[in-house]
Protein chains: 2
Amino acid sequence: MPKQTPTRADFLRRTLEEDIFNGRLKPGDRLDEQSLAQRFNVSRTPVREALRQLSASGLIEVRPRQGAVVSVITLPRLIEMFEVMAELEGMCARLAARRMTEAERQSISDVVTEAEGFAEQVDLDSYYINNWKFHDAIYSGSHNHVLEEMTRSLHHRTAPYRRHQLNRPGRVHESLAEHKKVVEALLAGDAEAAGKAMYRHVNVQGDVFADFLSTLPTGYLKG
Amino acid sequence: MPKQTPTRADFLRRTLEEDIFNGRLKPGDRLDEQSLAQRFNVSRTPVREALRQLSASGLIEVRPRQGAVVSVITLPRLIEMFEVMAELEGMCARLAARRMTEAERQSISDVVTEAEGFAEQVDLDSYYINNWKFHDAIYSGSHNHVLEEMTRSLHHRTAPYRRHQLNRPGRVHESLAEHKKVVEALLAGDAEAAGKAMYRHVNVQGDVFADFLSTLPTGYLKG
DNA sequence: CCCTCGTTTTATGTATACAATTCATCCTGA
DNA sequence: TCAGGATGAATTGTATACATAAAACGAGGG
């Protein structure tokens with residue numbers, strides 16, 4: 001029977017992903033193979049494999065013979081990402097409204113209840129994690145693994161950019177209200193309403209998008 | 001100034017991709033690192049890197065210490081893929097109807113005109129390539145690189161399965177008729193109609209889906 | 001005859017050494 | 001002073017050797 005021993009490369013990939021999601025690694029940061037090898041006490045080989053995997057998922061960029069950096073995207077590209085995310089997350093919500101089990105509905109309902117506390121105390125870090133849980137619950141609630149993985153992947157790629165979004169005063173309460181709308185439709189089994197609510201929640205446009213951009217640290221956008 | 005020398009690993013990845021798309025490598029086929037290294041006269045290192053990249057795109061599966069095989073998917077997973085593909089390609093068509101340049105509209109129109117000849121002569125190989133061009137034109141016509149890449153990736157992953165679809169008598173003419181409907185809406189600038197036509201073209205269901213399954217060689221489905 | 005356990009074999013995972021290219025520096029010359 | 005190019009250093013790409021885990025095989029017992 002196979003033991004399924006995790007490889008060092010997999011561990012490295014997961015660790016670096018975490019670093020990017022948590023902001024310890026920022027867009028534009030260079031990923032030096034030797035430094036990483038020393039930091040983790042491994043050779044360059046597993047480091048390279050981890051970098052390749054991250055590159056394939058779009059989280060970092062590797063240009064031949066020029067090393068790897070955490071992906072820095074352009075503003076038009078960021079807009080494109082939100083355009084697609086809104087569509088994908090909307091589809092997730094639509095399917096979730098029809099397919100979620102009773103346990104799953106209870107679970108996402110609990111997530112939103114938990115969020116109310118964090119929003120009240122303006123505990124941004126906790127709300128950030130809760131927000132992640134909320135979206136994840138809808139991805140898996142779609143009961144379509146392919147859709148789930150694609151949406152999650154895009155969510156990951158935009159994570160370094162959405163991270164600062166909550167710093168804007170009032171954004172947390174807006175976000176929570178939108179989450180509630182989605183869950184309401186979800187529990188009612190109204191697929192169209194859930195899809196539209198989710199679409200609007202993700203597809204920040206106009207003034208809201210300008211506000212969002214204003215939260216981005218310098219160097220996060222290229223071009 | 002960087003020369004941008006392509007690496008061996010990149011060449012290997014592209015070659016192996018081609019092999020999978022063309023059916024030279026079939027789902028379930030084992031990818032032995034040593035054999036590949038010998039075949040291409042390189043060491044195992046670039047072979048491994050190519051395999052990791054292919055794994056990240058979903059075209060092959062690498063399980064730790066158990067080697068790599070061309071992805072074999074289950075029937076439920078295949079259904080999921082078509083469900084998502086229909087949505088994504090529908091979105092591409094919707095955007096393309098609004099955003100395509102005049103040159104792009106002319107180009108896709110030419111593609112369909114070319115297809116009529118292949119359908120008449122029942123030249124399946126040529127039609128297969130033409131069909132690829134048609135879909136590609138709509139992906140890029142969306143003018144959303146993120147959407148384009150995601151849709152193309154999923155298209156690639158399903159390529160080994162859609163390849164045999166045209167073998168069914170009459171399918172070529174059906175396909176062509178559907179393409180024409182899409183282009184018609186596209187040229188008219190009717191986004192909703194284009195999206196729906198594309199959705200229906202991709203989202204094969206019911207009897208048509210059963211017919212499609214019947215074209216699959218044995219061993220292409222798992223479970 | 002089949003199942004189980006231990007050994008052998010083979011392939012993958014990792015480390016290290018070497019090659020090739022890119023980038024930085026410095027020198028030369030206009 | 002600045003442009004251009006050559007030279008050196010540093011980093012990535014590749015090859016090879018070794019470590020280790022999983023598969024294959026065979027012997028022994030039930």
Side-chain angles (χ1 to χ4, degrees), chain A residues 1-20 25-72 219 222, chain B residues 1-17 19-20 25-72 219 222-223:
Chain A
M1 183 197 266
K3 270 193 201 165
Q4 287 288 38
T5 311
T7 66
R8 298 188 214 286
D10 279 337
F11 172 75
L12 289 176
R13 179 180 53 71
R14 277 195 297 272
T15 305
L16 291 175
E17 274 178 359
E18 283 289 328
D19 283 355
I20 294 175
L25 284 171
K26 299 186 295 291
D29 282 0
R30 194 176 176 71
L31 295 165
D32 180 59
E33 294 182 1
Q34 277 194 166
S35 313
L36 291 172
Q38 286 187 324
R39 173 177 157 202
F40 292 104
N41 268 336
V42 297
S43 77
R44 275 177 53 219
T45 308
V47 171
R48 282 178 65 82
E49 299 214 340
L51 292 182
R52 298 304 147 134
Q53 291 181 250
L54 289 171
S55 165
S57 76
L59 231 48
I60 72 173
E61 270 180 33
V62 182
R63 294 205 325 234
R65 303 187 182 279
Q66 295 183 52
V69 296
V70 180
S71 292
V72 183
K222 178 172 61 178
Chain B
M1 181 199 266
K3 270 192 197 163
Q4 289 287 36
T5 311
T7 67
R8 298 188 214 286
D10 279 338
F11 172 76
L12 289 176
R13 179 181 52 71
R14 277 194 298 272
T15 305
L16 290 175
E17 272 176 0
D19 283 355
I20 293 175
L25 283 171
K26 299 186 294 292
D29 283 0
R30 192 175 178 73
L31 295 164
D32 181 59
E33 294 182 0
Q34 278 194 161
S35 313
L36 290 172
Q38 286 186 326
R39 172 178 158 200
F40 291 104
N41 268 336
V42 296
S43 79
R44 275 177 52 218
T45 309
V47 171
R48 283 178 65 82
E49 299 214 340
L51 292 183
R52 296 304 148 130
Q53 290 180 249
L54 290 171
S55 166
S57 75
L59 231 48
I60 73 174
E61 270 180 35
V62 181
R63 297 213 313 245
R65 303 194 175 276
Q66 295 185 47
V69 297
V70 180
S71 291
V72 184
K222 177 173 63 176

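As the structure is a computational prediction, the values presented were derived from the model and not from experiment. Numbers restart at 1 for each chain; the letters A, B, ... are given by sequence-line order, proteins then strands.
Judged by distance alone, the side chain of B/Thr15 and the main-chain N or O of B/Phe11 form a donor-acceptor pair under 3.5 Å. One N or O on the side chain of A/Ser71 and one on the backbone of A/Gly58 form a donor-acceptor pair closer than 3.5 Å.
Counting only heavy atoms from C-beta on, B/Pro64 has its side chain closest to C/dG13 among D/dT11, C/dG13, D/dG13. Out of D/dA15, C/dT12, C/dT21, the shortest distance to the side chain of B/Val42 is found at D/dA15. Listed nucleotides: C/dG13, D/dT14, D/dG13. Nearest to the side chain of A/Glu33: D/dG13.
Following rounding to the nearest Å, A/Arg44 (CZ) and C/dT14 (P) show an atom-to-atom distance of 15 Å. Computed from coordinates, the B/Leu31 CG to C/dT10 P distance equals 20 Å when rounded to whole Å. Distance CD (A/Gln34) to C1' (C/dC18): 14 Å, rounded to an integer number of Å. Between B/Arg48 atom CZ and C/dA11 atom P there is a gap of 14 Å when expressed in whole angstrom units. Whole-Å rounding puts the A/Leu36 CG to D/dT11 P distance at 12 Å. For A/Asp32 and C/dT22, the CG to P distance is 18 Å, given to the nearest whole Å. Straight-line distance from the CZ atom of A/Arg63 to the P atom of D/dG13: 12 Å, rounded to whole Å. In this entry the distance linking CD of B/Gln66 with P of D/dA23 reads 4 Å, nearest Å.
OP1 and OP2 of D/dT14 both lie 4.0 Å or more from every side-chain N or O belonging to B/Thr45.
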- request: Would you check, one step at a time, whether the test side-chain contact (heavy atoms from CB on, under 4.5 Å) holds for A/Ile60 with A/Val69?
  value: CA-CA 6 Å; A/Ile60 72 173; A/Val69 296; over 6 Å; no
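Among the heavy atoms of the strands lying under 4.0 Å from B/Arg8 are primed sugar atoms or P, OP1, OP2 only; no base atom is included.
Here CZ of B/Arg8 is found 10.0 Å from CG of B/Asn41. Values are rounded to the nearest 0.5 Å.
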